[in-house]
Amino acid sequence: MVTIPIDWALYQTYLAGELVHEIVMATILHRPVRDMNLGLLDIDTCIALEQLAKVMATAYSNADTMTPWTKMNPGRSETREENLFNRFPPDEERFLTTPSVVIDSGGRIIVWYLPGALTAMIMKDIHGATHSMSGLLKHSITTSKITQWRTNRSNFHTSPDGMVTPGCINISPAWFQQGREKHGFPNIDPEDGFSPEVSAALKGDAGRNITMSLQRSGIIVSAALRVMHPDLYWAGMETQVRLGKWAARYELDEMHYHLQRWTSVFNVVSIICNRRSPPHRDPKCRPAAFDIMTTAGRYHPVVMDFMNLGIKFLYNSGSMLASSCRLVRHYMNVEEGNRIVTAWYMRDSIHNFVGTPSTEYAKYDRVNM
């Protein structure tokens with residue numbers, strides 16, 4: 001097991017993960033919760049972790065089995081996607097509104113659906129963090145060709161009260177710039193231009209404030225992953241610590257600063273405000289991994305559609321949804337109100353860079369988690 005420096009913010013994430021795991025197990029097995037070391041976790045965070053754990057325990061006890069993964073292989077174009085969908089339609093349509101896990105016939109967990117996972121305090125925290133990014137969000141919107149839909153102006157709607165700035169930005173303490181990804185752990189100097197860098201959003205003093213503003217959110221989603229996919233959780237921990245050692249070795253002070261204060265086991269978070277999403281997959285995400293999305297704000301009820309699974313989810317404010325967005329074709333349409341989505345995910349290239357082994361799919365086990 002990875003040794004996490006005790007002065008890193010990630011150590012508090014570790015304590016949070018153990019707390020959530022313990023509460024979930026105690027709830028499922030109908031036993032008392034053991035006393036836990038809460039470290040520097042404040043009362044609001046502990047309350048949020050307890051609520052998360054209770055929703056996760058409910059979901060784990062509410063498993064739904066569906067078609068195997070062989071019918072979900074991704075296509076390379078919209079035409080290919082449509083042909084696959086017509087050839088392998090879902091066995092049936094489902095509409096989920098209560099905490100659930102979806103598993104395939106081989107026992108692999110495909111989806112965690114956790115409505116009500118976030119407390120009001122965590123959602124307020126997300127709003128505050130997003131407000132500090134207003135300038136970045138405003139300048140993220142483009143008028144480029146429609147195929148670059150993630151930041152195209154046509155997919156965003158204005159805030160009815162000006163409380164949320166439409167836009168989409170990616171934030172990471174260490175990632176590869178586009179076209180500069182490498183594989184394996186090269187023992188090289190960062191000056192070669194093919195090494196991880198701090199994302200543009202985190203540069204300078206404003207970037208340091210952003211990292212601090214995301215700490216609670218990072219703890220919550222990471223603690224959830226501790227239960228959802230333990231192997232992936234520990235791989236994320238290992239990757240962050242190895243990156244920190246690498247950054248220290250090459251005196252990459254800005255990167256090391258952010259890694260010391262980054263609370264998430266995920267490499268990247270996308271902050272997405274008031275955007276509709278057409279049917280898509282996320283091809284750079286890990287197939288056997290979980291990406292975690294949370295939603296907060298005031299908007300009319302919307303539905304997240306996992307098209308190739310034949311499952312729709314009521315996606316109200318305060319929900320958390322985890323799946324492999326590389327394998328699941330999904331979309332959601334919301335055109336009014338204020339909605340903030342945080343999408344947390346890992347990049348294979350970063351795990352490969354520091355030599356973290358890949359993980360398998362998470363399996364459903366009624367007792368051992």
Side-chain angles (χ1 to χ4, degrees), residues 52 110-115 117-118 122-123 125-127 129-130 133 136-137 140-141 148-152 155-156 164-175 178 199-202 210-211 213-225 228-229 232-233 236 262-287 289-297 299 302-306 313 315-334 338-350:
L52 170 67
I110 300 170
V111 180
W112 279 82
Y113 170 54
L114 304 172
L118 305 184
I122 291 296
M123 289 188 280
D125 207 58
I126 290 171
H127 272 275
T130 305
M133 308 172 198
L136 294 169
L137 288 163
S140 69
I141 296 181
Q148 297 175 353
W149 62 267
R150 285 177 170 81
T151 57
N152 190 277
N155 288 317
F156 294 88
V164 170
T165 302
C168 174
I169 58 174
N170 300 316
I171 298 169
S172 175
W175 72 341
Q178 187 172 3
S199 67
L202 295 186
I210 288 175
T211 290
S213 72
L214 291 170
Q215 284 190 327
R216 274 205 183 105
S217 296
I219 287 173
I220 296 298
V221 296
S222 299
L225 191 68
M228 294 173 176
H229 199 322
L232 184 64
Y233 169 85
W262 187 259
T263 58
S264 179
V265 297
F266 292 92
N267 308 132
V268 190
V269 59
S270 293
I271 309 296
I272 307 163
C273 298
N274 288 0
R275 188 188 75 184
R276 67 179 182 88
S277 299
H280 70 285
R281 303 176 193 258
D282 297 312
K284 289 189 177 182
C285 294
R286 314 184 87 193
F290 284 135
D291 313 318
I292 296 182
M293 295 179 287
T294 70
T295 180
Y299 53 92
V302 297
V303 172
M304 173 70 81
D305 191 345
F306 281 12
F313 306 90
Y315 201 41
N316 285 343
S317 184
S319 297
M320 180 183 292
L321 194 58
S323 68
S324 172
C325 290
R326 179 170 179 173
L327 298 176
V328 175
R329 192 172 182 230
H330 54 287
Y331 82 95
M332 182 185 59
N333 188 20
V334 55
N338 290 325
R339 190 177 68 88
I340 303 168
V341 170
T342 64
W344 299 82
Y345 50 97
M346 298 182 184
R347 284 284 187 251
D348 261 337
S349 55
I350 290 295

Looking only at heavy atoms, which two atoms of [X] and [Y] are closest? And how far apart?
{"X": "Ala201", "Y": "Ile171", "result": "CB-CG1, 4.0 Å"}
{"X": "Gly167", "Y": "Ser140", "result": "CA-OG, 3.4 Å"}
{"X": "Ile292", "Y": "Ala224", "result": "CD1-CB, 4.4 Å"}
{"X": "Thr263", "Y": "Gly218", "result": "OG1-CA, 3.4 Å"}

Short side-chain to backbone donor-acceptor contact, [X] and [Y], under 3.5 Å:
{"X": "Tyr299", "Y": "Ser317", "value": "yes"}
{"X": "Asn274", "Y": "Arg339", "value": "yes"}
{"X": "Ser222", "Y": "Val265", "value": "yes"}
{"X": "Ser323", "Y": "Val111", "value": "no"}
{"X": "Thr295", "Y": "Ser319", "value": "no"}
{"X": "Ser217", "Y": "Leu214", "value": "no"}

Is there side-chain contact between [X] and [Y], with at least one heavy-atom pair below 4.5 Å?
{"X": "Val164", "Y": "His127", "result": "yes"}
{"X": "Asn170", "Y": "Tyr345", "result": "yes"}
{"X": "Asn316", "Y": "Pro115", "result": "no"}
{"X": "Met293", "Y": "Thr342", "result": "no"}
{"X": "Trp112", "Y": "Leu321", "result": "no"}
{"X": "Met123", "Y": "Thr294", "result": "no"}
{"X": "Met228", "Y": "Leu114", "result": "yes"}

Sequence neighbours left out, what passes salt bridge (Lys or Arg N to Asp or Glu O under 4.0 Å) with Asp125? Give chain and number order. Arg216
Could you list the residues that satisfy salt bridge (Lys or Arg N to Asp or Glu O under 4.0 Å) with Arg275, not counting sequence neighbours? none
List the steps and the verdict of side chain to side chain contact (heavy atoms under 4.5 Å, CB included) for Ile141 and Phe156. CA-CA 8 Å; Ile141 296 181; Phe156 294 88; 4.0 Å; yes
Got a second to check how far [X]'s [atom1] is from [Y]'s [atom2], nearest 0.5 Å?
{"X": "Ile210", "Y": "Ile169", "atom1": "CD1", "atom2": "CD1", "result": "5.5 Å"}
{"X": "Ile219", "Y": "Leu52", "atom1": "CD1", "atom2": "CG", "result": "12.0 Å"}
{"X": "Met346", "Y": "Phe290", "atom1": "CE", "atom2": "CZ", "result": "11.5 Å"}
{"X": "Leu202", "Y": "Leu136", "atom1": "CG", "atom2": "CG", "result": "9.0 Å"}
{"X": "Trp262", "Y": "Thr211", "atom1": "CH2", "atom2": "OG1", "result": "6.0 Å"}
{"X": "Met133", "Y": "Ile271", "atom1": "CE", "atom2": "CD1", "result": "4.5 Å"}

So Phe266 and Asp291, side chain to side chain contact (heavy atoms under 4.5 Å, CB included) or not? Walk me through it. CA-CA 9 Å; Phe266 292 92; Asp291 313 318; 5.5 Å; no
According to ring pair (Phe, Tyr, Trp, His ring centres under 6.0 Å), who are the partners of Tyr113, at least two apart in sequence or on a separate chain? Phe313
Go through it in stages, so that I can follow the logic: the residues are Tyr315 and Met332, the test is side chain to side chain contact (heavy atoms under 4.5 Å, CB included), and I'd like the CA-CA distance, side-chain angles, deciding distance and then a yes or no. CA-CA 9 Å; Tyr315 201 41; Met332 182 185 59; 3.2 Å; yes
Under a 3.5 Å threshold, yes or no: a donor from one side chain and an acceptor from the other, between Ser172 and Asn267? no
